[in-house]
Amino acid sequence: MGRSTLVSVLCALGIAGCAGRSPEAARSKDSLQRVVAAASAEHGAGTQGAAPGTAADHAALAAAHDHDHDDEVDEDGGEVDDDLELPAEPGTGTPARSPLAAMTDAQIEELLSKDPAALGPMSVGATNAGALFNGLRMPESDRWELVDPGHAWGTRETVDALDRAIAEVHRQFPGSPKLYIGHISARDGGRLSPHKSHQAGRDVDISYFLDARHRWYQRATAANLDRERTWAFVRALITETDVELILIDTSVQKLLKEHALKIGEDRDWLDDVFQFGSRKPRPLIRHARGHANHIHIRFYSPIAQESAVRAYPMLVKRGAIKPTAQYVRHTAKKGQTLGSLARRYGTTVEAIKRANGLRSTAIQAKRVYNIPRPSGGPAAPPKHVTVPPRRLPPPRAADASTPARHDEPGPALGG
């Protein structure tokens, strides 16, 4: 935050602290709204192309993602669920900032009581155990179609990132067909059947670019996948937005990676991006069950996430949100039942069913389940977030500027 903005915040806070039920109080609220909006715009610009933070910043946020996950990813790079939560890579990234950081608890409570929308969107907690406060619905557009508008609510950063990536496809390929946008989150976040994730306004299900007979939830294949547009979209997500992970079926990863190599993308960079055909430890694009018919994207929302960290105690105090749930992640083994898991973790079968959207007591070996922690203790507040640097490729070769035809075979890849 610039010095002038900080001074404005402090001045506004000083005025509000002395204000009662008077015209001055109304003016103080308006002043705060303007300050929050200005600071949000300043921070939004500052998050683009995030650079690594200082050593002190890293040390202060070393525990940014505290996990109790069991075997989230198979040792051989196998399937994961769509609620995969990756721990932060140590020593990298920029700590997220929020314009609410300069505000007092009393000032945040004042806006919560008088005009909560002035605090901006907040992504509370984990994507598999969180909430959304002041979310925005994805707008209508001639570039996409909302499959379920009632469950297309996200943070401002999520909405803007989607718009930016889709706009890049239309810049490169004017007249491109619409994409289908499925679930993001419910208006207030929380459990959204049938997903384990999609709870905090940062997860998006979206279609691939397919041929003219495209339908929502249609499986992408070598015969119908529009490689040029789909790769342009995925590339824009990676290079122009703060994306945390992308889930794409291995069969589609293979087609996209072959196409990317064919048009001259750097192989080492692609190995860092794709799980398919790579042994890099932290690929951005991973395989997950059921993602041949849509892409699952998870964005960082640094302002919305950090605002939630700052305002969490006041949100809970005023009943605006419930305390965030806490889960243990358990990979089921052959012979285990919901009853045995409930006894092991000190919870109930019904609680496990609710946490995973299960309609019966049947569970599958090697699947990962959310196990609610026993009640009784206070729920942990959301963790601070560190946004890693974007994975930018080296400059493309001069002769790779013309996209290849998607109906031509690409180079063979192992994996």
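Comment: D160 engages R156 in a salt bridge, judged by a side-chain N to carboxylate O separation of less than 4.0 angstrom. Taking the charged nitrogens against the carboxylate oxygens, E265 and K257 have no contact shorter than 4.0 Å, which rules out a salt bridge. For R137 and E140, the salt-bridge test passes: some basic side-chain N is under 4.0 Å from an acidic carboxylate O. A salt bridge does not link K317 with D105: none of the charged nitrogens is closer than 4.0 Å to a carboxylate oxygen.
If you look at H294 and Y217, their ring centroids are closer than 6.0 Å. Less than 6.0 angstrom separates the ring centroid of Y345 from the ring centroid of H330.
Applying the ring pair (Phe, Tyr, Trp, His ring centres under 6.0 Å) criterion to F133, with sequence neighbours excluded, gives no partner residue.
Looking only at distances, a side-chain donor or acceptor of D203 sits under 3.5 Å from a matching main-chain atom of H198. W144 contributes no side-chain N or O that, together with a main-chain N or O of D163, makes up a donor-acceptor pair within less than 3.5 Å. Checked by atom type and distance alone, the side chain of T239 pairs as donor or acceptor with a backbone atom of R235 at under 3.5 Å. At least one donor-acceptor pair closer than 3.5 Å links the side chain of Q336 to the backbone N or O of K333. H214 contributes no side-chain N or O that, together with a main-chain N or O of A212, makes up a donor-acceptor pair within less than 3.5 Å. A distance-only check finds a donor-acceptor pair linking the side chain of Q218 to the backbone of R215 [under 3.5 Å]. A donor-acceptor distance shorter than 3.5 angstrom exists from the side chain of N224 to the backbone of R219, with no hydrogens or angles considered. T230 contributes no side-chain N or O that, together with a main-chain N or O of R227, makes up a donor-acceptor pair within less than 3.5 Å.
Here the options are Q275, R391, E244, R390, the test is side-chain contact (heavy atoms from CB on, under 4.5 Å), and the partner is L284; only R391 passes. Evaluated for a side-chain contact (heavy atoms from CB on, under 4.5 Å) with E109, the options M103, R318, K114 yield exactly one hit, R318.
Put simply, the side chain of Y300 reaches to within 4.5 Å of the side chain of Q305, judged on heavy atoms. Using a 4.5 Å cut-off on side-chain heavy atoms (C-beta onward), P302 and R97 make no contact. For the pair T127/Q199, no side-chain contact is recorded, criterion being any heavy-atom separation below 4.5 Å from C-beta on.
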Applying side chain to side chain contact (heavy atoms under 4.5 Å, CB included), run through M122 and E306 and close with a yes or a no. CA-CA 8 Å; M122 300 186 200; E306 199 63 18; over 6 Å; no

Evaluate the side chain to side chain donor-acceptor pair (under 3.5 Å) criterion for residues R202 and S123: first the C-alpha distance (whole Å), next the side-chain angles of each, then the deciding distance (0.1 Å), finally the verdict. CA-CA 7 Å; R202 300 191 291 113; S123 178; 3.3 Å; yes

May I have the step-by-step check of side chain to side chain contact (heavy atoms under 4.5 Å, CB included) for K383 and V309, ending in yes or no? CA-CA 7 Å; K383 301 292 185 180; V309 174; over 6 Å; no

Going through the checks in order, is the side chain to side chain contact (heavy atoms under 4.5 Å, CB included) test met by T155 and V159? CA-CA 6 Å; T155 67; V159 170; over 6 Å; no

Audit row: H259, E228, side chain to side chain donor-acceptor pair (under 3.5 Å) steps and yes/no: CA-CA 8 Å; H259 171 74; E228 292 95 335; 5.4 Å; no

Stepwise, does the side chain to side chain contact (heavy atoms under 4.5 Å, CB included) test hold for L358 with L338? CA-CA 11 Å; L358 300 177; L338 286 188; 4.2 Å; yes

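One distance of note links CD1 of I181 with OG of S141; it measures 8.0 Å at 0.5 Å rounding. Taking CD of Q172 as the start and CZ of F233 as the end, the distance is 12.5 Å to the nearest 0.5 Å. D249 CG to T221 OG1: the interatomic distance, rounded to the nearest 0.5 Å, is 11.5 Å. Interatomic distance, L192 CG to L132 CG, rounded to the nearest 0.5 Å: 11.5 Å. If you take CD1 on I246 and CD1 on I285, they are separated by 4.5 Å, rounding to the nearest 0.5 Å. The CG atom of L392 sits 11.0 Å away from the CG atom of D272 when rounded to the nearest 0.5 Å.
Looking at every heavy atom in both residues, L256 comes nearest to W231 through CD2-N, 4.0 Å. Listed here is the closest heavy atom pair of G154 and I184: CA-CG2, 4.0 Å. Nearest heavy atom pair, residue R143 against residue I166, reads CB-CG2, 4.0 Å. Residue I238 comes nearest to V243 through the heavy atom pair CA-CG1, 4.1 Å, listed as atom of the first residue, atom of the second, then distance. Among all heavy-atom pairs drawn from L100 and A311, the shortest one is CD1-CB, 4.3 Å. Residues F209 and P177 approach most closely at CE2-O, 3.4 Å, considering heavy atoms.
Around the NZ atom of K280, the shell of radius 6.0 Å holds more than 12 heavy atoms that belong to other residues, nucleotides or ligands.
Residue pairs that meet the side chain to side chain donor-acceptor pair (under 3.5 Å) test with at least one member in residues 173-191, sequence neighbours left out, are D148-H183, S176-R229, H183-H195.
A cation-pi arrangement is absent between K254 and F274, since the terminal nitrogen or guanidinium carbon is not both under 6.0 Å from the aromatic centre and inside a 45° cone about the axis.
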